[in-house]
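All residue numbers in this chain count up from 1 along the given sequence. This is a predicted model, so every value here is computed, not measured.
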Amino acid sequence: MTKVLSSEPISAGPKAETNERPQGRIQIKSPEQPLVLLLIVGSFLAVSTIIAKAAPEFGWHPLALLQWSILGGAIGLFALTRLFAGSRSGPERARSGAGLAQLAFYLLVSGVLFIIPNMIAVVAAPKVGAGFVSLSFAFPLVLTYAFAVVLRIEHFKKLRATGVLFGLAGGVLLAVSGKDLNVEASFWSLFALTIPVFLATGNIYRTLKWPAGAKPVDLALGMMAVGFVALAVFNLFFGVPFAPGSWNENAGALLAAQAAIFSLQYGLYFRLQQTAGPVYLSQIGSVAAVVGLGLGFFVFGEIPNAAKLAAVAAVGAGIVLVTRGRNRH
């Protein structure tokens with residue numbers, strides 16, 4: 001019989017870390033706490049979607065900008081890692097207990113599951129709006145929880161299930177909100193709704209197959225490297241221009257901004273998964289949905305209709321219920 005695992009996150013190292021703090025003291029939210037990581041990573045995800053929509057206005061093909069941003073983000077994350085690791089002694093650095101072949105396969109699958117939804121997002125954003133694409137990132141919560149329960153990664157909890165249903169309701173409302181789109185935009189809106197399938201699959205896979213002893217930042221770097229190579233091959237095969245129409249300060253600034261966001265976003269992405277598990281991680285899409293709608297309004301003047309506002313309310317309720325369900329025994 002398959003052993004039922006607890007809903008606590010799977011430890012990625014020889015020693016599991018805890019978030020316990022001494023009782024009776026005022027607790028300050030640390031960047032290592034899941035809620036803080038969730039808000040940071042989700043907000044970065046929304047901002048990166050906004051930048052993707054702005055790419056054509058600055059002469060970039062969205063896929064070319066994504067390609068070089070991933071490379072720049074990986075280089076930036078590596079530089080930060082080396083700088084930070086330089087202040088630590090060698091014995092403190094964890095080494096992966098996984099074999100080279102196992103680690104390579106893990107990074108290959110993770111990289112593919114990472115790059116496909118990002119490709120869909122950056123191409124669909126100019127067609128259907130940054131707000132719509134951001135909301136599509138809220139759906140993985142539903143699928144990830146369903147997968148986690150079926151695969152017995154965590155126990156079924158009524159409160160969390162109710163929160164997932166609220167997320168599903170938000171998804172239905174989002175689909176309704178796109179009914180006024182033209183034929184081309186309607187196709188891209190349906191295409192964008194495949195994003196949650198890839199994200200949920202990636203959330204579960206990375207947890208189940210996490211290489212023993214591997215550090216989050218190393219896995220992030222490997223995933224980004226695979227994603228860059230895969231996207232570069234795709235762009236080369238389909239003739240996507242690798243450079244903007246004309247290099248100028250704005251085009252360079254957009255690339256630098258997206259690369260900086262990726263270096264921070266994915267540097268914290270695996271850390272959030274390690275500390276909180278796949279279901280909690282999947283809520284970054286919910287955060288991105290709310291933040292993305294706001295940014296879509298202020299940056300591009302995308303006015304959300306009643307259905308989108310209702311979707312935001314449903315997503316917010318889902319976050320609260322899923323979070324409370326995680327903390328209850």
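- Put simply, OG on Ser43 and CG on Leu38 are 8.5 Å apart, with the number rounded to the nearest 0.5 Å.
- Here the closest non-hydrogen pair linking Pro278 and Thr144 is O-CG2, 3.5 Å.
- Using a 4.5 Å cut-off on side-chain heavy atoms (C-beta onward), Trp210 and Pro216 make contact.
- The CG atom of Leu108 sits 11.5 Å away from atom CG of Leu103, with the distance rounded to the nearest 0.5 Å.
- The nearest pair of heavy atoms linking Leu219 to Leu107 is O-CD2, 3.7 Å.
- A ring-centre distance under 6.0 Å is not found for Phe44 and Phe262.
- For Gln258 (side chain) and Leu66 (main-chain N/O), no donor-acceptor pair under 3.5 Å exists by modelled atom type.
- Under a 3.5 Å cut-off, the side chain of Trp247 and the backbone N or O of Gly252 do not form any donor-acceptor pair.
- No single ILVMFWY cluster, assembled from side-chain heavy atoms under 4.5 Å apart, contains both Ile153 and Val150.
- In the displayed structure, Phe242 atom CZ is contacted under 6.0 Å by more than 12 heavy atoms of other residues, nucleotides or ligands.
- Minimum heavy-atom separation, Ala55 to Pro62: CB-CA, 4.2 Å.
- The two residues Gly202 and Leu113 make their nearest non-hydrogen contact at CA-CD1, 3.6 Å.
- Hydrophobic clustering (side-chain heavy atoms under 4.5 Å, transitive across Ile, Leu, Val, Met, Phe, Trp, Tyr) keeps Leu309 apart from Val287.
- Within a 6.0 Å sphere centred on OH of Tyr205, other residues, nucleotides and ligands contribute more than 12 heavy atoms.
- Counting heavy atoms from C-beta on, the side chains of Tyr280 and Thr275 never come closer than 4.5 Å.
- Looking only at distances, a side-chain donor or acceptor of Tyr106 sits under 3.5 Å from a matching main-chain atom of Arg206.
- Between Phe114 and Ile70, some side-chain heavy-atom pair lies under the 4.5 Å cut-off.
- Rounding to the nearest 0.5 Å gives a distance of 9.0 Å between CZ of Phe270 and CG of Leu281.
- Rounding to the nearest 0.5 Å places NZ of Lys157 at 8.0 Å from OH of Tyr145.
- Remark: Arg271 CZ to Lys215 NZ distance equals 11.5 Å, nearest 0.5 Å.
- Here the closest non-hydrogen pair linking Ser263 and Ala260 is OG-O, 2.7 Å.
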For this session: Test Phe58 against Leu255 for side-chain contact (heavy atoms from CB on, under 4.5 Å), laying out the working first.
Result: CA-CA 10 Å; Phe58 291 86; Leu255 173 60; over 6 Å; no
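- Of the possible polar contacts, none joining the Trp60 side chain to the Ala64 backbone as a donor-acceptor pair under 3.5 Å is found.
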Problem set entry | Criterion side-chain contact (heavy atoms from CB on, under 4.5 Å) on Leu65 and Ile51, from CA distance to verdict | CA-CA 9 Å; Leu65 178 63; Ile51 292 178; 4.1 Å; yes
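- With rounding to the nearest 0.5 angstrom, the CG atom of Leu231 is 4.5 Å from the CD1 atom of Ile115.
- Looking at Thr201 and Phe147, their side chains come closer than 4.5 Å, going by heavy atoms from C-beta outward.
- The closest side-chain donor-acceptor pair between Ser282 and Asn203, if any, does not fall under 3.5 angstrom.
- When every heavy atom of Leu272 is checked against every heavy atom of Pro34, the shortest pair comes out as CD1-O, 3.6 Å.
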